[in-house]
2 protein chains.
Amino acid sequence: MAVRKSDRRVQRTQELLRAALLSLIEQKGFEAISVQNIIDRANVGRATFYAHFDNKEDLLVSGLDGLRAALKDHQRQAHLHRGGSDERLLAFSHEMFAHIAEYRDVFRAMVGKRSGALIQQLLHKIMVDLVRDDVKAMVGQRENKSAPSEAVVQFVAGGLFGLSMLWAEGKLRMSAEEVNALFRRLAMPAVTAAAR
Amino acid sequence: MAVRKSDRRVQRTQELLRAALLSLIEQKGFEAISVQNIIDRANVGRATFYAHFDNKEDLLVSGLDGLRAALKDHQRQAHLHRGGSDERLLAFSHEMFAHIAEYRDVFRAMVGKRSGALIQQLLHKIMVDLVRDDVKAMVGQRENKSAPSEAVVQFVAGGLFGLSMLWAEGKLRMSAEEVNALFRRLAMPAVTAAAR
DNA sequence: CGACAAAGTGAACATTATGTTCTAAAGTGA
DNA sequence: TCACTTTAGAACATAATGTTCACTTTGTCG
């Protein structure tokens with residue numbers, strides 16, 4: 001299933017670096033981290049780091065790619081199994097909130113005022129891509145002149161992002177199911193407006 | 001009306017620095033700029049820069065504070081003049097899109113993939129604050145248990161942000177009036193859902 | 001006007017991070 | 001086992017940051 005990398009030293013090193021980055025993000029947020037911090041924590045040589053990644057941002061996106069792939073997978077499965085046309089958005093968002101709940105520690109660290117602006121940007125983009133697939137599939141081919149679907153996508157994804165960050169911060173006393181239901185209640189009218 | 005700063009050298013220097021930052025942002029985005037770049041462009045001494053601002057981020061937020069204040073002002077006036085309860089949200093957002101249109105060059109520079117993550121974060125926050133004032137005023141005191149108003153705020157502000165960035169990029173062939181109308185059409189159901 | 005306080009200059013400096021390069025040593029797959 | 005790849009670790013060049021200081025210029029206010 002997974003792609004063969006054929007040298008386990010590579011996998012090991014990359015895993016160590018990703019894990020180190022993760023734990024450091026929880027501690028001090030992303031922007032405050034130096035490459036030195038990462039390789040110290042990972043116990044990996046400096047040259048080794050640069051043999052694998054261009055810089056710390058590169059390492060970060062390589063990690064988020066895992067998240068992105070996982071979410072895309074869930075989305076794809078949901079598209080196959082669920083039938084009702086307005087259950088599809090649910091299936092995707094539910095998985096997203098569940099994922100956030102799982103990585104809540106990292107999320108909370110990223111939400112901090114200044115630190116983590118880049119991560120937020122990347123997450124926002126991931127959400128945009130996910131929402132786009134769902135919305136475009138739902139709206140279908142009949143593009144509406146009064147509400148361009150891409151505008152709806154950006155609106156809904158932005159809303160999802162805002163809501164997610166608030167929820168991840170723990171400011172809402174809600175379960176993943178509840179916040180997901182709330183999201184759908186807020187977002188569905190917008191999607192409907194686009195498809196009208 | 002304006003606060004007296006009493007020494008025009010200070011104003012002059014700060015204006016020069018802000019203008020330099022602005023023009024540099026249009027060129028290379030925010031993150032790629034160094035303090036050296038700024039003081040070269042502004043033709044201001046290094047020590048002088050640090051006498052006024054802690055770092056380039058400090059300079060940036062001091063500039064955005066102007067924008068924030070202007071928008072808040074417009075919002076306050078709109079609250080006084082407009083009557084209909086669902087025209088208030090319009091009044092605020094219309095001004096926002098007009099502002100974006102005016103500074104479209106800077107906005108477009110900020111939207112670039114990687115550079116400008118911090119600015120985006122700050123803008124997002126400004127929008128959240130503006131939306132909060134409007135939504136909380138509209139929802140009134142009767143807080144709803146099924147839809148916490150702060151959740152609605154974050155959702156709507158996130159949507160506004162996403163839509164604004166898309167529009168600022170020029171990907172929508174719309175006037176400020178049109179995109180504003182679209183925003184309201186997408187957002188109003190969410191606000192209504194909260195007040196129900 | 002003119003004195004004086006406030007602001008700006010520019011260079012030097014300590015510090016910190018970045019990304020590259022090189023050689024020896026260790027791990028891996030066939 | 002052996003050829004090949006990866007890693008360690010240190011040394012380096014470069015670049016940016018923020019501070020300090022002695023000195024000059026500029027506005028403000030009496």
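Chain letters run A, B, ... following the sequence lines, proteins first and then strands; every chain starts at 1. Computation of the quantities below employed the complete heavy-atom set of this structure, encompassing side-chain atoms and omitting hydrogens, waters and symmetry-equivalent molecules.
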Novice: Has the side chain of B/Thr48 got a donor or acceptor atom that lies under 3.5 Å from a matching backbone atom of B/Val44?
Specialist: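 Not confirmed, B/Thr48 side chain does not pair with B/Val44 backbone.
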
Novice: So, is B/Thr48 close to the C/dA7 phosphate, meaning a side-chain N or O under 4.0 Å from OP1 or OP2?
Specialist: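 For C/dA7, OP1/OP2 do not have a side-chain N/O of B/Thr48 under 4.0 Å.
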
Novice: How long is the line joining CZ of A/Arg46 and P of C/dT18, in whole Å?
Specialist: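 Spelled out: CZ on A/Arg46 to P on C/dT18 is 6 Å.
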
Novice: Heavy atoms under 4.0 Å is the rule here; annotate nucleotides 23-30 of chain C 5' to 3' with B where the base is hit, S where only the sugar-phosphate is, and - elsewhere.
Specialist: ---BBSS-

Novice: Which whole-number value in Å describes the distance from B/Ile39 CD1 to C/dT9 C1'?
Specialist: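 Rounding to the nearest Å, CD1 of B/Ile39 and C1' of C/dT9 are 11 Å apart.
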
Novice: Now, which nucleotide makes the Watson-Crick or G-U wobble pair with C/dA30, with each of the two distances under 3.5 Å?
Specialist: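 D/dT1 is the nucleotide pairing with C/dA30.
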
Novice: Using the test ring-ring contact (aromatic ring centres under 6.0 Å, His included), find all partners of B/Phe107 that sit at least two apart in sequence or belong to another chain.
Specialist: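 Result, ring-ring contact (aromatic ring centres under 6.0 Å, His included) vs B/Phe107: none returned.
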
Novice: Decide side chain to side chain donor-acceptor pair (under 3.5 Å) for B/Gln154 and B/Glu150; before the verdict, give the C-alpha distance in whole Å, the side-chain angles of both, and the deciding distance to 0.1 Å.
Specialist: CA-CA 6 Å; B/Gln154 295 288 340; B/Glu150 185 61 23; 3.0 Å; yes

Novice: Once you round it to whole Å, what is the distance between P of C/dA7 and CD of B/Gln14?
Specialist: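 For the pair B/Gln14 CD and C/dA7 P, the rounded distance is 10 Å.
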
Novice: Would you say a side-chain N or O of A/Tyr50 is under 4.0 Å from OP1 or OP2 of C/dT20?
Specialist: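 So the side-chain polar atoms of A/Tyr50 never come under 4.0 Å of the phosphate oxygens OP1 or OP2 of C/dT20.
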
Novice: Measure from NZ or CZ of B/Arg173 to the centre of the six-membered ring of B/Trp167 and say whether it is under 6.0 Å with the direction within 45° of the ring axis.
Specialist: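 No.
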
Novice: Rounded to whole angstroms, how far apart are CD on A/Glu31 and P on C/dT18?
Specialist: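 Atom CD in A/Glu31 sits about 13 Å away from atom P in C/dT18.
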
Novice: Scan A/Asn43 against the nucleic acid and name what it touches under 4.0 Å (heavy atoms): base, sugar-phosphate only, or nothing.
Specialist: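 Here A/Asn43 touches the backbone only, sparing every base.
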
Novice: Which residue pairs satisfy the side-chain hydrogen bond (donor to acceptor under 3.5 Å, both in side chains) criterion with at least one member in residues 25-40 of chain B, sequence neighbours excluded?
Specialist: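 Every pair satisfying side-chain hydrogen bond (donor to acceptor under 3.5 Å, both in side chains) with a residue in residues 25-40 of chain B: B/Gln27-B/Arg41, B/Lys28-B/Asn37, B/Ser34-B/Asn37, B/Gln36-B/Asp40, B/Gln36-B/Arg46.
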
Novice: Counting heavy atoms not belonging to A/Arg12, are there more than 12 under 6.0 Å from its CZ?
Specialist: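 Incorrect, the count does not exceed 12.
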
Novice: Let me know the distance between CD of B/Gln11 and P of C/dA7, rounded to the nearest Å.
Specialist: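 It works out to 12 Å between those atoms.
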
Novice: I want to confirm an ordering. Mapping A/Ala47 and B/Asn55 to their closest nucleotides on DNA chain D, which one lands closer to the 5' end?
Specialist: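 With A/Ala47 and B/Asn55 compared, the 5'-side residue is A/Ala47.
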
Novice: Rounded to the nearest Å, what distance is computed from the CG atom of residue A/Leu59 to the C1' atom of nucleotide C/dT18?
Specialist: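 Rounded to the whole Å, the gap is 16 Å.
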
Novice: Looking only at non-hydrogen atoms, find the nearest pair between A/Val179 and A/Ala176 and report the distance.
Specialist: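 Closest approach of A/Val179 to A/Ala176, heavy atoms only: CG1-O, 3.3 Å.
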
Novice: To the nearest Å, how far apart are A/Phe53 CZ and C/dT20 P?
Specialist: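 Computing the A/Phe53:CZ to C/dT20:P distance gives 15 Å.
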
Novice: For chain A and DNA chain D, what are the first and last nucleotides along the strand, 5' to 3', with at least one atom under 4.0 angstrom from a heavy atom of the protein chain?
Specialist: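 It runs D/dT5 to D/dG9.
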
Novice: Could you name each residue pair satisfying side-chain hydrogen bond (donor to acceptor under 3.5 Å, both in side chains) that touches residues 59-71 of chain A, not counting sequence neighbours?
Specialist: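 Output for this query lists A/Arg18-A/Ser62, A/Arg68-A/Asp129.
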
Novice: What pairs with B/Arg76 under salt bridge (charged side-chain N to carboxylate O under 4.0 Å, His left out), at least two apart in sequence or on another chain?
Specialist: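 Salt bridge (charged side-chain N to carboxylate O under 4.0 Å, His left out) list for B/Arg76, sorted by chain: B/Asp73.
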
